[in-house]
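Keep in mind it's a predicted model, so treat the numbers as computed, not measured. The chain is numbered in sequence order, starting from 1. We use all heavy atoms of the structure for the numbers below, so side chains are in, but hydrogens, waters and symmetry mates are not.
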Amino acid sequence: MSTRHTQSYNSLMRGFGELDIRGSSVPSELLLTGDHAFPLAMNSKGQVLMAASLYGRGRIVVVGHETYLTTFPALVENALTWLRGDGSDNLSVGVHKHMKGVADNLSKSSFQVTVVGAFSDNREVGVYVTDAYSVGADVKDLVAFLKAGGGVLIGGQAWSWAQQHPKENANLHFPGNKVSTVAGIYFTTHYGKAEILPVHPQIPSSWMAIRVGKDFADDLEVLLRGVSEFDLRDNILASEALVHGPLAFPIGTTEDGRAFLAGTYYGKGRVIVITHEAPLKTKKLASFWNNAISWLDQGRKGVVGVKPKQHLLRESGLKYEETELRKDLSVFVCTAYSDDRVEEIQDFVAEGGGLLIGGHAWYWAQTHPGQNTMTDFSGNKILNKMGLSLLPATISESSFKVHVPTQAKKDTDHFLSLLRLFAGHVAQGEKLGEHEEEHLKKLGVDCSNYLRMKAYDSSSYTQVLSGLTDILMSNGMPQVSEKNPVKSPKDHLLLRLGRAVYNVSQDPDALLPFLIKPLMPTVGHQMIMINANTAGEETWISTGLYLFPGMKTEMIIPANMVNKSWTILIGCQTDYLDAEELKRAPHVHEQFLVTSEKMQVRNLWGGLIYLVAPPNTKVEGEEVIVQMAVPAPYYKSGVTTAAHWSWLRKSPTPWAELEFDNIILSVPSDVVRDLESLDEVEALWNDIMRGITDLAVIPHRFPRKERIVADVQISHGWMHAGYPIMMNSSIAAELVRPGDARTKGLWGEIHELGHNQQRSCWEFRPNTTECTCNLWSVYVHEEVLGINRAKAHPSLTLTNRKNSVDEFVKGGKKLSDWKVWVALETYLQLQEQFGWDAFKKVFAAYHKMTDFPSDNDGKMNLYAVTFSQTVGMDLSAFFKAWGWPIETATEEKLYNLDTWMDHPMVEYEMTLT
């Protein structure tokens, strides 16, 4: 909880060690939402019975039964002092006549107390005291008084009112809630357990306070009336919504429980969010939008305002007015892409308005690397404190059936429900059902997203953070490794929680011993020279430094790199793991956007330190200082001397990095410890990368060096392409064995390097995805390593090649079967006839083209023309024999060239004839 709330709590509870509320009065449990409400007293069940909050410039204190306002006169005096506000000299207090006992208790105090029949009788007071039943016609004035800086002390319980008004919504219609909810405090209809309440030195917290505050069956009945499905087709890629507030609830979900449509109560108002704005314009959801507007309007039949130029709801048939936000609107409709009027929108809803908002966060997340979607995306600035958030995760277009939630689904669809079940499982051994266990993996992801809000002012947030911290301190975190893999859903979750909680903990050093066994050798500050000249892609710049797990450091960054999209990356293992068995944590790297000249960074899992240069950036000779880190075994061509390497390779860090002319290899340090010289390794990789550039017909110096990272577990496959290329660390040693490489080859590594050279203009996906990359494998093995293709890979023996073609022909030469080795055979036949120079000329020709077909048929015809013109021979018959969709127009373009008559597929055509 924030320092401000802590100071307020200390002022309010000064002089109390406990509060004995036992007796005949049965209090209501209070529910807290938003960022400014915080508990003052909590019972052993985690029920909040007294709370305080801020709204606008004012303050409010709420107690769960009005008798407490006379039972604890010292508490009331503390409250009045705090409610006056800092520096206020207004000692005037208005007390409603039904609370005259409060006035009697204050008769000898310094406050100037007046008993009134209503707030309107004396509006000059600094603080107004009332029970929750007597606000009546004063609601509007009281809210305005509070917002303008006044103080309100209110007590009452809502359970008896609910019994007398069984069909009414207590959250909205209970008199006291018409005032207190604007500040995020709700009188609920739940009985509170009356007992001796301990007054803690800090704001009370308990995992049992994590709870959903309402059964939303009545809301869903209204919203889903006449609705059987949500049609989110027509190229809609929605975001996933995180439903995390105690008064928030999912409305539309996928089969696996991810929400794309949700609602929430906020203050006196209501909100509905849909995670893409396009459905707000469609007739297909007209029935739902009618229901939604009615629910948001709360029976007022007022004006529905739509932000100008948005054209939302135009096709829905609903009546609306294009306007900016106005106080007299009943419902406001907008998108999630502007944060110009965040507080106005929040106040509009808190004071009773309805908000319908649509938009997704995934595109923003993709275009703002290094930023925090939960805190920086405009839509979340509006929605977070309301209990809803838009996530970078996507939901593909589909038509989703309406699900009426069963109790089991209620317990797993809502973040707080499932979290409470898990907390009870850990704290008290409460058994989880099979359905709940299946959702623990999603809970881990949701916790990670939720904690990134860093909403330390929010009581809901701090209760969750405190509960998760207690879970980790009592259970620890699995010490995952290759020899100790993690398999159970509970351990999966604890592993995810460790990193997530550590990253937002306000005392991470105290938490660290419960998560890992830190080993932290330290070294004084290091100065790194930064040179970068990036083209269209971000580039990692190695520092050669390592942070051990839990170790933190401060980095001094040049001013001209601040707020220029530079980031600091800790850890080269950027693959996110989603596997049943984990040999390392799912997410072990951290990235920090450079926003100041002094950046303090840390990573629970440690890692190599990088500066990540954004695209189209040029810096030369900039000095970056790292205050505390450990030199790793880092070799850089032309920089690292033999003597320096002799010392570096013995460094205790677990990761090493070898940077050559065009490639950087990140491997476990054990792989390089015994390498006294790297001359042959360097020569091998310089030769390989030159071969890559030769075939691709690109400059010998890559604009961005390729990277290979060898990890204990990767996201998919044994290796995969990308930046960096990922491979399994069990075979990392083959990267530094030049003798073996020049005799046995490195097919997999070069295959992935080939993937990185593939270009959409001459790729026919999915057919050639795992095919054309092998052109580089064959070329490098033969032309650089001197290994014949038949020995480079078993599939390229003459027998296996022939078998592939035979099977393809027997199957009818279907283009759907033309892939991987069969497809490669087409290119190998061309190479064996026309040589590698023909391929180089073809690739060079594509470099000069600017306009390409987007469909495979068009691209295949362009390739046939390009290759034919390159070699001066009509190859259309050859490609047709392979089943390519060669068009008449293509054949006409090549009519003046000699036809390749004796191509290798002729024998199959003769056989078929």
Side-chain angles (χ1 to χ4, degrees), residues 1-16 19 21 27-43 45-64 68 72 75-76 78-86 127 146-147 151-155 176-177 179-188 192 197-211 213 244-247 266-267 346 350 384-387 416 450-451 453-470 504 506:
M1 196 63 87
S2 71
T3 301
R4 181 182 181 185
H5 288 339
T6 300
Q7 291 173 344
S8 296
Y9 172 78
N10 290 335
S11 297
L12 285 161
M13 306 310 289
R14 184 179 64 252
F16 286 92
L19 294 168
I21 62 169
S28 273
E29 178 184 359
L30 304 178
L31 181 70
L32 310 186
T33 66
D35 284 353
H36 301 304
F38 57 95
L40 299 176
M42 184 183 292
N43 66 19
K45 289 187 173 183
Q47 294 178 301
V48 177
L49 302 181
M50 300 181 185
S53 188
L54 313 173
Y55 187 67
R57 290 184 288 132
R59 300 175 176 185
I60 187 170
V61 172
V62 181
V63 296
Y68 303 154
F72 302 108
L75 179 63
V76 169
N78 287 350
L80 295 178
T81 300
W82 180 76
L83 289 168
R84 286 170 52 209
D86 299 329
V127 179
L146 179 61
K147 192 173 185 179
V152 175
L153 176 58
I154 185 170
N177 280 339
V179 176
S180 65
T181 57
V182 298
I185 304 177
Y186 291 76
F187 293 91
T188 77
L197 308 178
V199 175
H200 301 282
Q202 297 179 331
I203 295 173
S205 175
S206 169
W207 66 267
M208 288 184 285
I210 300 170
R211 66 185 73 203
H244 57 79
L247 288 175
Y266 181 69
Q346 290 166 343
N384 281 351
K385 66 166 58 178
M386 297 176 172
L416 293 182
Y450 178 84
L451 290 173
M453 286 195 300
K454 299 183 179 179
Y456 301 110
D457 283 346
S458 164
S459 173
S460 295
Y461 182 88
T462 52
Q463 294 290 348
V464 170
L465 177 57
S466 176
L468 294 176
T469 301
D470 290 344
V504 300
Q506 294 184 297

Colleague: Can you sort out the partners of Arg84 under side chain to side chain donor-acceptor pair (under 3.5 Å), two or more places apart, ordered by chain and number?
Modeller: none
Colleague: Would you say Tyr9's side chain and His200's backbone share a donor-acceptor pair under 3.5 angstrom?
Modeller: yes
Colleague: Could you give the distance from CD1 (Ile185) to CZ (Phe38), rounded to the nearest 0.5 Å?
Modeller: 8.0 Å
Colleague: Taking the side chain as every heavy atom from C-beta outward, state whether Met50 and Leu19 have any pair of such atoms under 4.5 Å apart.
Modeller: yes
Colleague: Sub-3.5 Å donor-acceptor pair from the side chain of Asn43 to the main-chain atoms of Gln47, do we have one?
Modeller: yes
Colleague: Looking just at side-chain N and O atoms, do Gln463 and Ser205 make a donor-acceptor pair shorter than 3.5 Å?
Modeller: yes
Colleague: From Leu40 CG over to Leu75 CG, what is the distance, rounded to the nearest 0.5 angstrom?
Modeller: 7.5 Å
Colleague: State whether the side chain of Tyr461 and the backbone N or O of Tyr450 hold a donor-acceptor pair below 3.5 Å, judged by distance alone.
Modeller: no
Colleague: I need the minimum non-hydrogen distance between Ser180 and Val62, along with the two atoms involved.
Modeller: CB-CG2, 4.0 Å
Colleague: Does the Tyr186 side chain pair with the main chain of Gly267, one donor and one acceptor, at a distance under 3.5 Å?
Modeller: yes
Colleague: Please give me the minimum heavy-atom distance between Leu197 and Ala41, naming the atom from each residue.
Modeller: CD1-CB, 3.7 Å
Colleague: Tell me whether Asn78 contacts the main-chain N or O of Arg14 through its side chain, where contact means a donor paired with an acceptor under 3.5 Å.
Modeller: yes
Colleague: Would you confirm whether Ser53, through its side chain, and Ile60, through its main-chain N or O, come within 3.5 Å as a donor-acceptor pair?
Modeller: no
Colleague: Only counting residues at least two apart or in another chain, list the ones meeting side chain to side chain donor-acceptor pair (under 3.5 Å) with Trp82.
Modeller: Ser8
Colleague: I need the Ser459 OG to Leu30 CG distance, nearest 0.5 Å.
Modeller: 11.0 Å
Colleague: Please walk me through it: do Met386 and Thr33 pass side chain to side chain contact (heavy atoms under 4.5 Å, CB included)?
Modeller: CA-CA 7 Å; Met386 297 176 172; Thr33 66; over 6 Å; no
Colleague: Give, for atom CG of Asp35 and atom CG of Leu54, the distance between the pair rounded to the nearest 0.5 Å.
Modeller: 10.5 Å
Colleague: Between atom CG of Leu247 and atom OH of Tyr266, what is the distance when rounded to the nearest 0.5 Å?
Modeller: 12.0 Å
Colleague: Under the side chain to side chain contact (heavy atoms under 4.5 Å, CB included) test, which residues partner Ala79, sequence neighbours left out?
Modeller: Leu12, Val61, Leu83, Leu153
Colleague: Could you tell me which non-hydrogen atom of Leu49 sits nearest to which non-hydrogen atom of Glu29, and how far apart they are?
Modeller: CD2-CA, 4.1 Å
Colleague: Find out whether Val464 and Trp207 are in side-chain contact, i.e. whether some heavy atom of one side chain is under 4.5 Å from a heavy atom of the other.
Modeller: no
Colleague: Tell me whether Lys454 at atom NZ has more than 12 heavy atoms from other residues, nucleotides or ligands lying less than 6.0 Å away.
Modeller: no
Colleague: CG/Asn384 to OG/Ser460 distance, rounded to the nearest 0.5 angstrom?
Modeller: 12.0 Å
Colleague: Are side-chain heavy atoms of His36 and Lys385 found at a separation under 4.5 Å?
Modeller: yes
Colleague: Which heavy atom of Pro198 sits nearest to which heavy atom of Met42, and what is that distance?
Modeller: CD-O, 4.5 Å
Colleague: Write down the atom of Ala183, the atom of Ala37, and the distance for their closest heavy-atom approach.
Modeller: O-CB, 3.9 Å
Colleague: Test your reading of the model: is there a side-chain donor-acceptor pair from Ser28 to the backbone of Phe187, 3.5 Å cut-off?
Modeller: no
Colleague: Could you tell me if the side chain of Thr462 sits less than 4.5 Å from the side chain of His5, heavy atoms only?
Modeller: no
